[in-house]
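In what follows, a single structure is set out as structure tokens and then discussed.
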Protein chains: 2
Amino acid sequence: MLADDQQQPSNDPAGGAPRRRATIHDVAKLAGVSRQTVSRAVNDKGEIDPGTKERVLEAARLLDYRPSRFARGLVRKGTVTAGLVIPDLMNPFFPEVAAGVLEAAERRGWQVVVWDSRTDEAREREALDVLSHQADAVVGYFKNPDDVLARHLGGVPLVLLERGPQQTRFAAVGIDAAAGLAAGLAHLVHAGHRRIGMLDGVHGPAPRRQAFLAEVRRHGLPVDEGWIAMCPEHSVAGGEEGMERLLDTRPEITAVFGFNDLIAVGAMRAARRRGRTVPGDLAVLGFDGLSLGELVEPGLTTLHIDKRQLGRLAVEQVARLRAGEEPMSGADAWVVPELVVRSSA
Amino acid sequence: MLADDQQQPSNDPAGGAPRRRATIHDVAKLAGVSRQTVSRAVNDKGEIDPGTKERVLEAARLLDYRPSRFARGLVRKGTVTAGLVIPDLMNPFFPEVAAGVLEAAERRGWQVVVWDSRTDEAREREALDVLSHQADAVVGYFKNPDDVLARHLGGVPLVLLERGPQQTRFAAVGIDAAAGLAAGLAHLVHAGHRRIGMLDGVHGPAPRRQAFLAEVRRHGLPVDEGWIAMCPEHSVAGGEEGMERLLDTRPEITAVFGFNDLIAVGAMRAARRRGRTVPGDLAVLGFDGLSLGELVEPGLTTLHIDKRQLGRLAVEQVARLRAGEEPMSGADAWVVPELVVRSSA
DNA sequence: TTGTAAGCGTTATCAC
DNA sequence: GTGATAACGCTTACAA
């Protein structure tokens with residue numbers, strides 16, 4: 001049986017030059033039947049004599065025959081491949097989004113080709129150059145502006161992750177940063193904080209920062225761009241660095257909102273290294289809801305996002321695009337963060 | 001220009017039934033040229049009049065034409081797609097391995113289709129059933145035994161992650177658990193521990209446990225299966241549960257080795273909840289080297305693995321298989337853990 | 001510069 | 001049960 005062939009370089013019966021892969025034709029010839037019969041045997045349809053079938057399968061095994069997915073795809077429609085572009089596999093946030101995408105895609109019988117762009121705009125473009133040829137649709141995180149994306153997309157449908165409708169002309173799924181920050185800042189203000197800073201991420205969605213600013217002002221608290229420190233990267237180290245800087249320029253803050261949980265954790269570490277206690281001297285609020293937040297001490301208070309759901313939604317958008325339907329917009333295409341209070345704030 | 005088309009349901013110029021996708025033929029007809037000319041325009045080869053090219057491109061845009069990747073693949077060889085089967089995207093270990101795979105694959109110009117098996121044997125088989133048709137090779141983590149894998153592989157080359165040569169007839173890349181545990185236990189023993197338990201993972205590679213047992217015995221320490229508690233899952237929660245049990249049955253232990261870092265962190269938490277200090281009353285040693293280990297308190301002492309490298313190696317094995325070469329074996333196909341001492345042990 | 005013809009490897013249709 | 005024959009959508013010679 002074909003199945004029993006386990007030693008891997010099973011190949012090369014003649015032991016010669018690196019042969020081209022066997023085709024259905026070769027198998028047919030070797031088995032002394034027509035290509036059609038080979039097809040029947042390999043895809044085990046009925047309408048074939050068990051004996052012939054056996055003979056064909058044996059020939060196939062001998063030649064290490066595997067049907068060409070291209071030829072097959074050409075003739076059998078229905079194989080859908082989606083591209084997924086992820087900026088940073090090391091940030092636990094994104095694998096979880098990816099899990100949602102994979103889950104939803106699998107449910108639809110789609111495959112997913114994954115690319116790691118490492119938050120690099122040039123790499124994003126390379127990803128699109130490839131995926132635009134190999135995928136039926138693309139979902140992902142992109143820093144490149146709409147027109148650049150379009151140029152490298154060659155007409156393939158695109159669903160942007162974490163971009164609001166006012167930020168792109170493409171279909172998108174996003175996070176309701178405003179709602180999240182309303183809850184988050186209400187919590188901080190309620191706890192008595194009036195001098196609240198932010199640790200922003202360099203290449204992330206601007207809405208987090210805007211929502212922060214809006215909410216702070218709505219509460220009538222003092223704030224300006226000086227209260228916001230940029231983190232060079234969306235990591236714990238980046239958060240530490242940003243916090244150091246913020247503590248230098250605005251030592252009076254009593255609370256800080258981190259662009260994401262990694263940055264927030266970095267902020268806690270930096271603050272404590274500077275001799276500040278958390279939450280005593282400095283309250284820290286994160287954004288993401290990584291499980292990491294439960295593990296650090298004190299536990300991280302954060303705006304939890306259903307990342308899997310974000311991924312699932314993205315796939316649903318793709319499906320709509322493909323069906324020629326209007327993509328979801330507004331609240332349907334949003335995930336709303338939920339405040340999870342632990343000890344850090 | 002084609003590129004400027006950004007609104008997404010751009011489709012459906014006639015506004016009718018859900019049309020089939022336009023082919024090169026349709027474009028040729030609309031532009032009033034031959035298919036060959038369309039091909040030239042789309043792949044912008046030279047040898048074409050700028051005017052016609054423009055006209056063709058316009059027609060293509062109008063029809064929302066995208067070349068079929070199948071037809072293309074059929075005629076242009078060289079598109080390689082690898083399948084990657086990952087057991088648990090929520091464990092930060094695996095995204096990092098995946099990153100290594102993606103990195104190496106990209107460098108070779110390969111694409112990677114990712115599947116999340118969620119450590120489920122049935123799902124592994126489903127993944128293989130699909131990937132065996134859609135991928136040129138598969139790498140991944142599998143619980144299914146060799147013969148089952150072979151049956152669902154249909155002859156597609158497979159590279160197993162974290163299986164030693166004595167555990168599989170397939171090509172594989174592994175972790176030198178023995179070397180790791182030698183270093184790890186030496187450290188614990190040197191620190192004076194003589195009663196060391198282990199928190200094992202249910203469906204993980206057995207070598208960790210075997211190496212643990214071997215090393216403990218080599219040091220002449222008391223140990224039997226009772227010193228090893230099974231964790232129901234490879235997570236912090238699983239580690240907590242296992243530790244609870246171990247503390248019940250073997251309260252005399254002064255140190256514990258965790259199957260992976262997540263489990264080790266769970267062990268720390270459970271131990272402390274039980275009133276034991278770490279490392280004072282209980283030393284904890286992990287295995288993986290997740291960055292999480294630096295963030296918890298106390299910092300987790302662990303056997304650090306270069307996960308990216310593991311992924312890269314796997315891709316290299318695939319390349320060898322494809323080239324008909326002998327896959328690497330022994331030390332070449334191993335990643336050696338490195339002891340990272342922090343405060344937990 | 002452009003068109004014609006011949007595959008690429010598979011499956012579906014329809015005879016035999 | 002089995003085998004021609006015609007697609008499938010594209011590219012690559014080779015002509016024109």
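Quick note on labels: first sequence line is chain A, next is B, and so on, each numbered from 1.
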Open item on the list: I need the residues from residues 128-137 of chain B with at least one non-hydrogen atom less than 4.0 Å from DNA chain D; give them sorted by number, or say none.
Closed with: none

Just to verify, what does [X] make a side-chain contact (heavy atoms from CB on, under 4.5 Å) with, not counting sequence neighbours?
X: A/L30; answer: A/A59, A/L62, A/L63
X: B/T52; answer: B/V33, B/I48, B/D49, B/R55
X: B/S132; answer: B/V156
X: B/S34; answer: B/Q36, B/T37

Open item on the list: Using a 3.5 Å distance criterion without hydrogens, assess whether the side chain of B/K45 forms a donor-acceptor pair with backbone atoms of B/V42.
Closed with: no

Open item on the list: Test your reading of the model: is there a side-chain donor-acceptor pair from B/R21 to the backbone of B/R66, 3.5 Å cut-off?
Closed with: yes

Task: Outermost nucleotides of DNA chain C that come under 4.0 Å of a non-hydrogen atom of chain A - done: C/dG9 to C/dT13

Task: B/S/- contact track for nucleotides 8-16 of chain D, protein heavy atom under 4.0 Å - done: BBBBBB---

- [ ] With sequence neighbours excluded, tell me which residues meet ring-ring contact (aromatic ring centres under 6.0 Å, His included) with A/F70.
- [x] none

TODO: Mind grabbing the angle between the end helix axes of the helix from C/dT1-D/dA16 to C/dC16-D/dG1? Five pairs an end, 10° rounding.
DONE: 40°

Task: Any donor-acceptor N or O pair under 3.5 Å, side chains A/R69, A/T79 - done: no

Task: Distance-only side-chain donor-acceptor flag, A/Q317 / A/R320, under 3.5 Å - done: no

TODO: State which residues pass side-chain hydrogen bond (donor to acceptor under 3.5 Å, both in side chains) with B/R108; sequence neighbours excluded, sorted by chain then number.
DONE: none

- [ ] Can you sort out the partners of B/Q167 under side-chain hydrogen bond (donor to acceptor under 3.5 Å, both in side chains), two or more places apart, ordered by chain and number?
- [x] none

TODO: Identify, with sequence neighbours excluded, every residue that meets salt bridge (charged side-chain N to carboxylate O under 4.0 Å, His left out) alongside B/E126.
DONE: none

